[in-house]
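All remarks here apply to the structure that follows.
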Amino acid sequence: MEALDPHIIHSQLRPEAPRVSYFEVVTSTNEVLKDILRQSFSPHVVLASQQTRGRGRRGRRWLSPKDAGLYLSYGHITHRPVDTLGPLSLVMAISVATVLPDVVHIKWPNDLMVKQDKQWAKVGGCLVEIMTNPGTSTAAILGVGLNLHMAQHLTNQPADTPTQLWADLPLLVDPSTLVAQLVNQLHLDLAVLEQDGFGPFQARWETLHILRNQPVQVTHSPTERFRGTAGDINEYGQLAVTTDDGLVWVSAADVSIRLTHPS
Ligand code: BTN
């Protein structure tokens, strides 16, 4: 991959967008961002060419070899109550899909997917963590990983299911431009979410949502799983799943979901 260039990134950032700190190697951009926020509780972005301990959802590792993907964490300060922050991770995925129009779709809650040989394959994902500053505000650490030249490493990537397909993102712009576009888009979208909630995103979500009307299996734990048909999401970002016993609203935390064949 073309090397990331902080000068190109900064030249394309909107003046009001948060600054981007670039590192060649970090443990995890989410962890470095948390350290920065402990010093200064204000919006900030951490970007790296390589992570030695990249983390995925549900305690998985996230393979992050040098220059094989984008590894970025955006620190967003919010004044919304912590129990209303569910849609943050959906909005992050929507922002990514918005800067990659007609290419990236979303598997709820925030898997970034592309169509490859008539099948959906994962090109990236989002890991959102919350950090509170007692009495004042909350920081959301919005981490995103996108595969760019991961093909030779992908066999080692832990997946939600053994049938998970992986792909590299077909990139039409240089990665530094993509980073600037993404930071600008996140800045705009997060301001809308802060002010108006998830409502303004519903229409965009519907064009990107690949699970609607699809048979799915929802897994809370190895012993707790059920099948149903996925529907839409509500203003809290929960997914409607119709089962034989009725409608269930599923929250993103600690759930994995996969497309299945009807049983
Ligand atoms: C997933 O499991 O789908 C989410 C993957 C999130 C990976 C990104 S890479 C940048 C940031 N730093 C991390 O350690 N994880 C996230």
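In each ligand, atom 1 is the first atom listed, and ligand 1 is the first ligand listed.
- The nearest protein atom to atom 11 (C) of ligand 1, hydrogens excluded, is given as Thr29 OG1, 3.2 Å; this is a heavy-atom distance.
- When hydrophobic side chains of Ile, Leu, Val, Met, Phe, Trp and Tyr are connected at separations under 4.5 Å, Leu247 ends up clustered with Trp249.
- The 12-atom threshold is exceeded at CZ of Arg212, counting heavy atoms of other residues, nucleotides or ligands nearer than 6.0 Å.
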*Apply side chain to side chain contact (heavy atoms under 4.5 Å, CB included) to the pair Trp108 and Trp205, showing each step before the final yes or no.*
CA-CA 10 Å; Trp108 180 91; Trp205 170 266; 3.9 Å; yes
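- The aromatic rings of Trp166 and Trp62 sit perpendicular, their planes meeting at an angle over 60°, well past the 30° parallel limit.
- Ranked by closest heavy atom to atom 3 (O) of ligand 1, the top entry among Arg57, Lys122, Arg60, Arg55 is Lys122.
- For the pair Arg53 and ligand 1, the shortest N or O to N or O distance does not fall below 3.5 Å.
- When each atom of ligand 1 is checked for a heavy atom of Cys126 under 4.0 Å away, the hits are 4 (C).
- Every atom of ligand 1 is numbered from 1 in the order shown, and the set under 4.0 Å from a heavy atom of Ser28 is 12 (N), 13 (C), 14 (O).
- For Tyr71, no nitrogen or oxygen atom sits less than 3.5 Å from a nitrogen or oxygen atom of ligand 1, counting backbone and side chain alike.
- Between Gly145, Gly54, Pro109, it is Gly145 that holds the heavy atom closest to atom 8 (C) of ligand 1.
- Ligand 1 lies out of reach of Arg58, whose nearest heavy atom is not under 4.0 Å from it.
- Heavy-atom contacts from other residues, nucleotides or ligands closer than 6.0 Å to OH of Tyr22 number more than 12.
- Of all atoms in ligand 1, numbered sequentially from 1 with element shown, those under 4.0 Å from a heavy atom of Leu72 are 10 (C).
- Shortest contact from atom 5 (C) of ligand 1 to any protein heavy atom: Trp62 CE3, 3.4 Å.
- Using a 4.0 Å cut-off to heavy atoms of Ser73, the atoms of ligand 1 that qualify are 11 (C).
- Taken from CD in Glu194 to CG in Leu85, the straight-line distance is 8.5 Å, to the nearest 0.5 Å.
- Residue contact annotation: Gln51 has a non-hydrogen atom under 4.0 Å from ligand 1.
- Taking 4.5 Å as the limit, every side-chain heavy atom of Trp120 sits out of range of all side-chain heavy atoms of Lys107.
- Side-chain contact between Val144 and Leu112: present, with at least one pair of heavy atoms (C-beta onward) separated by less than 4.5 Å.
- Within ligand 1, counting atoms from 1 as listed, the ones closer than 4.0 Å to a heavy atom of Asn30 are 11 (C), 12 (N).
- Under 3.5 Å, the side chains of Ser49 and Glu24 contain no donor-acceptor pair of N or O atoms.
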